[in-house]
Amino acid sequence: MAKIAFILLCHKDPEAIIKQAERLTAVGDYMSVHFDASADPKLYKQVREALDSNPNVTFAKKRIKCGWGEWSLVQASLHAVEAAVEAFPRATHFYMLSGDCMAIKSAEYTHELLDRADVDYIESFDYFESDWIKTGMKEERLIYRHFFNERTQKRRFYAAFNLQRKLGLTRKVPEDIQVQIGSQWWCLRRRTVEWIIDFTKKRKDVMRFFRTTWIPDETFFQTLVRHLVPEHEIKTRTLTFLMFTDYGMPVTFYNDHYDLLLSQDYLFARKISPEAKELKRRLGLLYATRGWEFKISNEGASLFKFLTNRGRVGRRFGLRFWENEGSLGRERELLIIVSKKWHVAKRLVERIRSMTNVPCIEYLFNEDATELPDLGGIQSTMSKRHRHRRALIRMLFDYYETDQLVICLDPSNLDLLNDFCSDRAKTRLLEIDSQFSDEYLTGHAMRVGLAGEKTPRETLERLLPTIKADMLFESDMIRDANFDNHYRIRQSASVEDNAIALSYFLETSPEKAYAIANIEHLFAD
């Protein structure tokens, strides 16, 4: 059975460190602590006095001063790992933690997961081929030597960097090493850790290289594991649940995140707010529990992205596409059906298609699977469709040899509506006003990844009003845009009233519009 030696790097909050060590070792696991040498000595003394008598806790034999982005973080990790390997011969796994992490699963669940597969859990993506680094330096982290801390010695850091770049003082990555990158929160098997320790003693050239790279805690262990361990024995993921904001800062969890955290497919979460005392209390009791059935829904990342983007308006800095692409054509008519309930719009489109000669394309900017003719590749991916939206619509007009075309859009595509409705072509808009039941909203949340089949009912009850309000907000934004030729059909209206709106939208006779609108169960879920 798995027995874990937790590798803890910390520098503050001794009471939290003590409680964390006591909780994690109470069920038979171990902990090796490196307490930053730059921290207040009184804090370290407090931790030592409280934990020295615990046989399942050890301390790094050498403490060093740590700085963000420096080699010191890797060296501190190695000191703690070496102490753990020596002190705990029965440890099967070594799990990297910080003082801000807490367990979101029981020890029973954690050990069973680790026993299930003989693998290492560590993110390790190709440094140069992956897009793990979104902004800032990439190659420069490796090919130049970094001697100073970018945060505390900014002037020296960039002076040294710019001098090397000016003089062309670059270096090569060791030839047999393929640099990898990923999260520093890993869980490695004992054999792998022993291989790494042995490697550090034999390969002084690799150690010299990483000592002067920038942010090596994102590359050192990730590279060595991939270099030493067969690929099929590596799970390229972290077991610690963490998310980042648009500004690269870690998301902080508070008291009301308890149910959300427990339902994620991870063993620990980072980072827990120091003020979240109730969350800490409840999570603190969790690790020692037995028989707990965890219902994994794993919607955390999607839910965070959804909630943090409500109400935000992006800004464009380049030319809008209608400023550098030609018009759809003055004589052409683009008819846009807007509906949050895609199946309702598709029923209406099928009726229009069967009763008129107007070509109809469903959610071409929302669904990859939308059937489109071969237009030379411009239709092949969603990114190409959005990037060349006008060209795509022009080519569809040409392909069908028509001056009239119906397309469907989701209400969230306000940018597309603005783009198309500002064109010199004649544009008409038909909005379908549907009613949203809790069952529909729940299904929608599952379809877009905001919830899973096992999401707790309490979480859904808090989420559904937000989703509904978001849908109403999208509709309000469309109305506030004051588009010309904007018509609406409503679930609450009669067929006769909806037929009037359809007759204007399609510019057809009232009789034909009534025949189109008279669809049995048009609005049914």
Side-chain angles (χ1 to χ4, degrees), residues 2-9 30 32 34 58 60-62 70-97 113-130 132-133 138-139 141-143 171-240 267-268:
K3 292 184 75 68
I4 306 169
F6 293 102
I7 308 302
L8 180 65
L9 301 190
Y30 311 105
S32 179
H34 179 278
T58 191
K61 293 182 178 180
K62 184 176 181 180
E70 294 181 10
W71 168 256
S72 55
L73 287 174
V74 176
Q75 188 62 68
S77 303
L78 287 171
H79 285 328
V81 166
E82 290 167 352
V85 168
E86 180 181 339
F88 309 125
R90 296 181 61 194
T92 61
H93 293 78
F94 296 76
Y95 196 121
M96 189 75 182
L97 287 179
L113 184 144
L114 295 179
D115 285 335
R116 208 173 297 154
D118 187 21
V119 296
D120 297 306
Y121 293 91
I122 183 169
E123 285 188 353
S124 56
F125 303 99
D126 187 280
Y127 188 92
F128 296 100
E129 297 298 326
S130 73
W132 201 86
I133 298 175
K138 187 168 184 177
E139 183 183 35
R141 290 193 191 185
L142 306 179
I143 65 173
R171 60 176 175 174
K172 293 182 179 180
V173 176
E175 289 186 358
D176 62 330
I177 295 295
Q178 184 177 4
V179 180
Q180 305 287 308
I181 191 166
S183 167
Q184 63 269 54
W185 312 111
W186 39 256
C187 179
L188 304 178
R189 296 165 297 171
R190 185 180 194 91
R191 184 187 67 179
T192 301
V193 165
E194 290 173 344
W195 284 351
I196 290 173
I197 293 174
D198 186 58
F199 183 93
T200 63
K201 295 175 181 177
K202 293 179 178 178
R203 292 297 302 271
K204 301 300 182 183
D205 59 323
V206 175
M207 298 298 284
R208 284 194 299 271
F209 172 78
F210 277 107
R211 281 193 182 99
T212 51
T213 59
W214 189 38
I215 320 182
D217 56 326
E218 294 180 350
T219 55
F220 179 78
F221 289 99
Q222 296 78 358
T223 300
L224 266 59
V225 170
R226 185 66 68 172
H227 182 73
L228 297 169
V229 178
E231 184 174 358
H232 68 273
E233 295 183 19
I234 301 173
K235 287 280 189 183
T236 308
R237 60 159 296 186
T238 175
L239 295 175
T240 298
L267 302 181
F268 283 76

Next item on the list: I would like to know whether T192 and L228 meet side-chain contact (heavy atoms from CB on, under 4.5 Å); could you show each step before the answer?
Entry: CA-CA 8 Å; T192 301; L228 297 169; over 6 Å; no

Margin query: F220 vs T200, test: side-chain contact (heavy atoms from CB on, under 4.5 Å). Steps then yes/no.
Written below: CA-CA 11 Å; F220 179 78; T200 63; 4.0 Å; yes

Item checked: Worked verdict on L188 versus I196 for side-chain contact (heavy atoms from CB on, under 4.5 Å) -> CA-CA 10 Å; L188 304 178; I196 290 173; 3.9 Å; yes

Next item on the list: Run the numbers on V179 and R141 for side-chain contact (heavy atoms from CB on, under 4.5 Å), then give the verdict.
Entry: CA-CA 11 Å; V179 180; R141 290 193 191 185; over 6 Å; no

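Around CD of E194, the count of heavy atoms belonging to other residues, nucleotides or ligands within 6.0 Å exceeds 12. For K61, the NZ atom sits in a loose shell: 12 or fewer heavy atoms of surrounding residues, nucleotides or ligands are nearer than 6.0 Å. Atom CD of E86 has 12 or fewer heavy atoms from other residues, nucleotides or ligands within 6.0 Å. For NZ of K3, the number of neighbouring non-hydrogen atoms (other residues, nucleotides, ligands) closer than 6.0 Å is greater than 12.
In this structure, the separation between CG on L239 and CH2 on W185 is 13.5 Å, given to the nearest 0.5 Å. Here CZ of F199 is found 4.5 Å from CG of L224. Values are rounded to the nearest 0.5 Å. To the nearest 0.5 Å, atoms CG (L114) and CD1 (I4) are separated by 5.0 Å. A distance of 12.0 Å separates CZ in R203 from CG in D198, rounded to the nearest 0.5 Å. Here the straight-line distance linking atom CD1 of I177 with atom CG of D205 works out to 8.0 Å at 0.5 Å rounding. Distance OG1/T219 to CZ/F210: 4.5 Å, rounded to 0.5 Å.
One N or O on the side chain of D120 and one on the backbone of R189 form a donor-acceptor pair closer than 3.5 Å. A side-chain donor-acceptor contact under 3.5 Å links S32 to the backbone of A80. Counting only distance, with no hydrogens or angles, the side chain of R190 and the backbone of V85 share a donor-acceptor pair below 3.5 Å.
Considering R226, R237, E231 as possible partners of S124, the one that fulfils the side-chain hydrogen bond (donor to acceptor under 3.5 Å, both in side chains) test is R226. Checked against Q180 for a side chain to side chain contact (heavy atoms under 4.5 Å, CB included), the options Q222, E123, E218 give a single hit: Q222.
The minimum heavy-atom distance between S130 and K138, with the atom names listed, is O-NZ, 2.8 Å. Between S77 and L9 the shortest heavy-atom distance is OG-CD1, 3.4 Å.
Side-chain rings of F221 and F94 stay apart, their centers remaining 6.0 Å or farther from each other.
I234 places a side-chain heavy atom less than 4.5 Å from the side chain of I122. Looking only at side-chain heavy atoms (C-beta outward), T58 and F88 come within less than 4.5 Å of each other. Contact check for I7 versus M96: side-chain heavy atoms found under the 4.5 Å cut-off. Annotation: side chain of L267 is not in contact with side chain of Y121 (no heavy-atom distance under 4.5 Å).
In terms of the side-chain hydrogen bond (donor to acceptor under 3.5 Å, both in side chains) criterion, residue partners of T212 (sequence neighbours excluded) are, by chain and number, R171.
With hydrogens and angles left out, the side-chain atoms of Y127 and T223 include no donor and acceptor closer than 3.5 Å.
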